[in-house]
Every structure is written in structure tokens, then in C-alpha cells.
Asks: 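Below is one structure. I have some questions about it.
Below, all heavy atoms of this structure are taken into account, side chains as well, without hydrogens, waters or symmetry copies. Positions are given from 1 along the sequence.
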Amino acid sequence: MNHFSDKFVSRIRSFWDNSGEREKKQLLDDILQYANSNSQTFKKEIDEIRFDKDLLPLPIVLEALSKDTANWGQFYVDLLDDIFETAKQLEKPNEILTNLMEFAHIEKDDKPFIQKIADRLYKELSTDNLETKLAAICTLPSYLDNKTIKNKNVMVDALQQLLTDSNWKVRVVTFKALGFENLLPSGHKLSFTDKLFKLILGEPQTI
């Protein structure tokens, strides 16, 4: 029996459509309280439903846990690895990778687990799996202004090298991600060829 589901499913389902701000805040507070009351049970229950396509619990759970990263920082680290490794096994990996958008709640956190998050994203820059590589490229730059990141220069260099990757999708996505965070090399422009690829084939799909 999944007590988390029993307790919260109906409120999660109505979160996006029917809840007012007060109800939404109360749900986030209640989920965090439930998680802290028995962390091991909570982790097991979330593991059972984390990628449920109908319920989509992770956006709400991750927002709730972001209020207590002293206790839940490692949860984000473990989940990040789980998202990448699960996505690599799927025909439609972006159905899982979209959960990375919810990590925005912790980008400005100043606790040590943020270094682990950045390191895991950095590791994914060298994968042969295009979808998870593009997801990492999109996500990592947002962390590089965080003062807890000790190897920022190494990560920026790795990202900038992808501007000349053999895959046009990698080049285009990297250009956009670095440009958004003002991390492009001075004077770097997107090539005419890559602009043409974008025009003809469309923007590469990312999270």
C-alpha cells in the first residue's frame, strides 16, 4: 500500500487547475511534513510513482522538498541520476527528462549538494546519448553562477567546446544555453550552416 498516494493523489491532481494559492502552499507544506516524518518510507513510496504519466507527482514533490534541502539535497542528486539512467532506456526519453525543469527550485541553493548536481550534469556532457546530453547542456549553465560550484571554469570550458561538436543539434542547443547565461566566448556567433539547419529542420527538441 502506498500511503503517500492515498493521502495526496486527489490534491495533486487538482493542484494545477482547481487550487488557489493558499491550498497549493498548504499541499507543499503537508508533503514536506509527511516526508520528514518518515523519510525512508517516503522515498520508497515516491520511487513507486515518481514517473507516473497520469499523476505527474515530481513537480509538486520537488517544489515541496526544496524548502528543506538540508534534509533532502541528496534526494535531488539521486533523482537526477535516476532521471538520466531511466531516460536512456526509453523510446521517448524527454517524457522523463522534462522533470529536470523542476530542479530550477534549487539552482540558487548554497548547500554542498549543489556541487554534486553540477558534477552529474557535467558528466552527462560526454555521453553518447543525444537526448540526455542535450538535457544536461540546457540545465548545467543555470548552476554556474552559484558560488558553491568550485570547478566552474572546467565546466564552462567543456560547454564551450561543444560549440564545435560534430552534431548540429549539440552546437545549436549549446549556443542557446550559454548565450542565455552570458557564457559564450567573446564574439562567438552561430554559423550560417547551423542557422540553416534550424530554419529547415526546426529547433532541436530539449526539455
Asks: Less than 4.0 Å between a side-chain N and a carboxylate O, is that true for Glu21 and Lys25?
Replies: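 Result for this pair is no, no salt bridge flagged.
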Asks: Between Gln115 and Asn151, do the side chains contain an N or O donor and an N or O acceptor separated by less than 3.5 Å?
Replies: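 Yes, Asn151 and Gln115 have a side-chain donor paired with an acceptor closer than 3.5 Å.
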Asks: Pair Leu100, Phe84 - check side-chain contact (heavy atoms from CB on, under 4.5 Å), show working.
Replies: CA-CA 9 Å; Leu100 295 180; Phe84 279 136; 3.9 Å; yes
Asks: CG of Asp128: more than 12 outside heavy atoms within 6.0 angstrom?
Replies: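 Atom CG in Asp128 is not packed in, count stays at 12 or less.
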Asks: Quick one: are Gln26 and Arg22 in side-chain contact, heavy atoms under 4.5 Å?
Replies: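 No, every pair of side-chain atoms sits at 4.5 Å or beyond.
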Asks: For a side-chain contact (heavy atoms from CB on, under 4.5 Å) with Leu79, tell me which candidate from Leu62, Ile46, Asp47, Ile117 qualifies.
Replies: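 Only one of Leu62, Ile46, Asp47, Ile117 forms a side-chain contact (heavy atoms from CB on, under 4.5 Å) with Leu79, namely Leu62.
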Asks: Evaluate the criterion side-chain contact (heavy atoms from CB on, under 4.5 Å) for residue pair Ile207 and Phe103; output intermediate values, then yes/no.
Replies: CA-CA 12 Å; Ile207 59 173; Phe103 281 63; over 6 Å; no
Asks: Just wondering, do Phe180 and Ser142 contact through their side chains at under 4.5 Å, heavy atoms?
Replies: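 Ser142 vs Phe180: side chains apart.
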Asks: Using the rule given for side-chain contact (heavy atoms from CB on, under 4.5 Å), can you reason through Val61 versus Phe4, listing the C-alpha separation, both sets of side-chain angles and the distance that settles it, and then say yes or no?
Replies: CA-CA 11 Å; Val61 168; Phe4 178 88; 3.9 Å; yes
Asks: Between atom CD of Glu107 and atom CG of Leu144, what is the distance when rounded to the nearest 0.5 Å?
Replies: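 It is 10.0 Å, given to the nearest 0.5 Å.
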Asks: With a 4.5 Å cut-off on side-chain heavy atoms, are Glu181 and Asp145 touching?
Replies: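 No. Closest side-chain heavy atoms not under 4.5 Å.
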Asks: Mind checking whether Ile114 and Lys108 have side chains closer than 4.5 Å, heavy atoms only?
Replies: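 In short, these two side chains do not touch, never coming nearer than 4.5 Å.
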Asks: Taking atom types as modelled and ignoring hydrogens, do the side chains of Thr148 and Asn146 form a donor-acceptor contact shorter than 3.5 angstrom?
Replies: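 Present: a donor and an acceptor within the cut-off.
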Asks: Are Glu85 and Arg120 ion-paired here, with the side-chain N under 4.0 Å from a carboxylate O?
Replies: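 Arg120 and Glu85: salt-bridged.
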Asks: Is a side-chain N or O of Asn2 found less than 3.5 angstrom from the main chain of Glu45, in a donor-acceptor match?
Replies: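 Confirmed, Asn2 side chain pairs with Glu45 backbone.
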Asks: For a 4.5 angstrom cut-off between non-hydrogen side-chain atoms, does Ile60 reach Arg11?
Replies: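 Of all side-chain heavy-atom pairs linking Arg11 with Ile60, none is under 4.5 Å.
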Asks: State plainly whether one hydrophobic cluster holds both Ile83 and Leu56, where clusters connect Ile, Leu, Val, Met, Phe, Trp and Tyr through side-chain heavy atoms under 4.5 angstrom apart.
Replies: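 No, because Ile83 and Leu56 fall into different hydrophobic clusters, even though each may have its own neighbours under 4.5 Å.
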Asks: Answer yes or no: is there a side-chain heavy-atom contact under 4.5 Å between Thr127 and Lys88?
Replies: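 Side chain of Thr127 against side chain of Lys88, heavy atoms only: contact under 4.5 Å found.
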Asks: What do the steps show when you test Val173 against Glu203 for side-chain contact (heavy atoms from CB on, under 4.5 Å), and what is the final call?
Replies: CA-CA 8 Å; Val173 171; Glu203 288 274 354; over 6 Å; no
Asks: Do Lys43 and Asp78 sit within salt-bridge range, that is, some charged N less than 4.0 Å from a carboxylate O?
Replies: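 Looking at Lys43 and Asp78, the cut-off is not met.
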